[in-house]
Amino acid sequence: MKTALFLLCLFCAASAMGHGVAGAGAISSEPQIIQLPSHPVRAVAQPMAREQDLLISSGYTSARGERPLWDVPSMSHEVPLGDVAREFRKEHALVKKATITLEK
(Lines give C-alpha, C1' and ligand atoms only; values in the text may rest on other atoms or scores of the structure.)
Protein backbone atom coordinates (compact mmCIF):
# COMPACT_ATOMS: atom_id res chain seq x y z
CA MET A 1 0.00 0.00 0.00
CA LYS A 2 2.84 2.37 0.86
CA THR A 3 4.57 1.69 -2.43
CA ALA A 4 1.39 2.33 -4.40
CA LEU A 5 0.92 5.65 -2.59
CA PHE A 6 4.56 6.57 -3.19
CA LEU A 7 4.28 5.75 -6.89
CA LEU A 8 1.08 7.79 -7.18
CA CYS A 9 2.76 10.83 -5.59
CA LEU A 10 5.82 10.38 -7.80
CA PHE A 11 3.63 10.15 -10.93
CA CYS A 12 1.67 13.28 -9.93
CA ALA A 13 4.87 15.24 -9.30
CA ALA A 14 6.36 14.15 -12.61
CA SER A 15 3.22 15.06 -14.54
CA ALA A 16 3.12 18.47 -12.83
CA MET A 17 6.71 19.15 -13.85
CA GLY A 18 6.03 18.03 -17.41
CA HIS A 19 2.92 20.13 -17.58
CA GLY A 20 4.88 23.27 -16.76
CA VAL A 21 7.22 22.68 -19.70
CA ALA A 22 4.46 21.86 -22.17
CA GLY A 23 2.32 24.87 -21.23
CA ALA A 24 5.18 27.40 -21.30
CA GLY A 25 3.78 29.08 -24.42
CA ALA A 26 0.38 29.64 -22.84
CA ILE A 27 1.49 31.88 -19.97
CA SER A 28 3.89 34.70 -20.72
CA SER A 29 6.44 35.76 -18.14
CA GLU A 30 6.59 39.27 -19.58
CA PRO A 31 5.30 41.97 -17.21
CA GLN A 32 1.99 43.48 -18.21
CA ILE A 33 1.42 47.17 -17.54
CA ILE A 34 -1.97 47.91 -16.09
CA GLN A 35 -3.40 51.28 -17.10
CA LEU A 36 -6.05 52.68 -14.81
CA PRO A 37 -8.67 54.99 -16.30
CA SER A 38 -8.02 58.67 -15.82
CA HIS A 39 -10.64 60.93 -14.29
CA PRO A 40 -10.07 64.60 -15.22
CA VAL A 41 -12.74 65.93 -12.81
CA ARG A 42 -11.40 66.14 -9.28
CA ALA A 43 -12.88 67.10 -5.95
CA VAL A 44 -12.69 70.83 -5.39
CA ALA A 45 -13.70 72.76 -2.30
CA GLN A 46 -16.84 74.78 -2.97
CA PRO A 47 -19.54 76.43 -0.85
CA MET A 48 -22.43 74.36 0.43
CA ALA A 49 -25.77 74.45 -1.38
CA ARG A 50 -28.82 76.34 -0.16
CA GLU A 51 -30.92 74.73 2.55
CA GLN A 52 -33.96 72.87 1.20
CA ASP A 53 -37.06 71.76 3.06
CA LEU A 54 -37.59 68.06 2.39
CA LEU A 55 -41.19 68.04 3.61
CA ILE A 56 -42.43 70.36 0.84
CA SER A 57 -41.51 68.07 -2.03
CA SER A 58 -42.59 64.85 -0.27
CA GLY A 59 -46.27 65.80 0.14
CA TYR A 60 -46.09 65.20 3.90
CA THR A 61 -48.09 67.68 5.91
CA SER A 62 -47.74 68.41 9.58
CA ALA A 63 -49.20 71.05 11.83
CA ARG A 64 -48.13 72.51 15.10
CA GLY A 65 -49.22 70.39 18.04
CA GLU A 66 -49.91 67.28 15.97
CA ARG A 67 -48.66 64.11 17.65
CA PRO A 68 -47.17 61.23 15.71
CA LEU A 69 -49.25 58.07 15.60
CA TRP A 70 -46.73 56.04 17.60
CA ASP A 71 -47.18 58.43 20.56
CA VAL A 72 -50.90 57.69 20.81
CA PRO A 73 -51.65 54.45 22.68
CA SER A 74 -53.80 51.95 20.83
CA MET A 75 -57.37 51.63 22.08
CA SER A 76 -57.61 47.88 21.50
CA HIS A 77 -57.95 45.70 24.58
CA GLU A 78 -55.83 42.57 24.49
CA VAL A 79 -57.22 39.58 26.36
CA PRO A 80 -54.62 37.69 28.40
CA LEU A 81 -53.74 34.22 27.16
CA GLY A 82 -54.86 32.57 30.42
CA ASP A 83 -58.38 34.03 30.03
CA VAL A 84 -58.56 32.76 26.45
CA ALA A 85 -57.55 29.26 27.61
CA ARG A 86 -60.24 29.29 30.35
CA GLU A 87 -62.91 30.27 27.82
CA PHE A 88 -61.88 27.44 25.49
CA ARG A 89 -61.98 24.98 28.38
CA LYS A 90 -65.52 26.10 29.29
CA GLU A 91 -66.68 25.78 25.67
CA HIS A 92 -65.10 22.33 25.43
CA ALA A 93 -67.00 21.20 28.53
CA LEU A 94 -70.33 22.35 27.04
CA VAL A 95 -69.88 20.65 23.67
CA LYS A 96 -72.03 17.54 23.09
CA LYS A 97 -70.05 14.35 23.62
CA ALA A 98 -70.12 11.29 21.39
CA THR A 99 -72.78 8.73 22.34
CA ILE A 100 -71.38 5.71 20.49
CA THR A 101 -68.45 3.82 21.98
CA LEU A 102 -66.63 1.06 20.14
CA GLU A 103 -65.03 -1.84 21.92
CA LYS A 104 -62.89 -4.57 20.46
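For the numbers below, each heavy atom of this structure counts, side chains included, while hydrogens, waters and symmetry mates do not.
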Counting only heavy atoms not in Leu7, do more than 12 fall under 6.0 Å of its CG?
yes
Output the distance between atom CZ (Arg50) and atom CE (Met48), rounded to the nearest 0.5 Å.
13.5 Å
Heavy-atom count around Lys2 NZ within 6.0 Å, excluding the residue itself: above 12?
no
Which other residues end up in the same hydrophobic cluster as Leu36, if Ile, Leu, Val, Met, Phe, Trp and Tyr are linked when side-chain heavy atoms come under 4.5 Å apart?
Ile34
Identify each donor-acceptor pair in which a side-chain atom of residues 87-96 lies under 3.5 Å from a protein atom, sequence neighbours left out, and give them as a table.
none

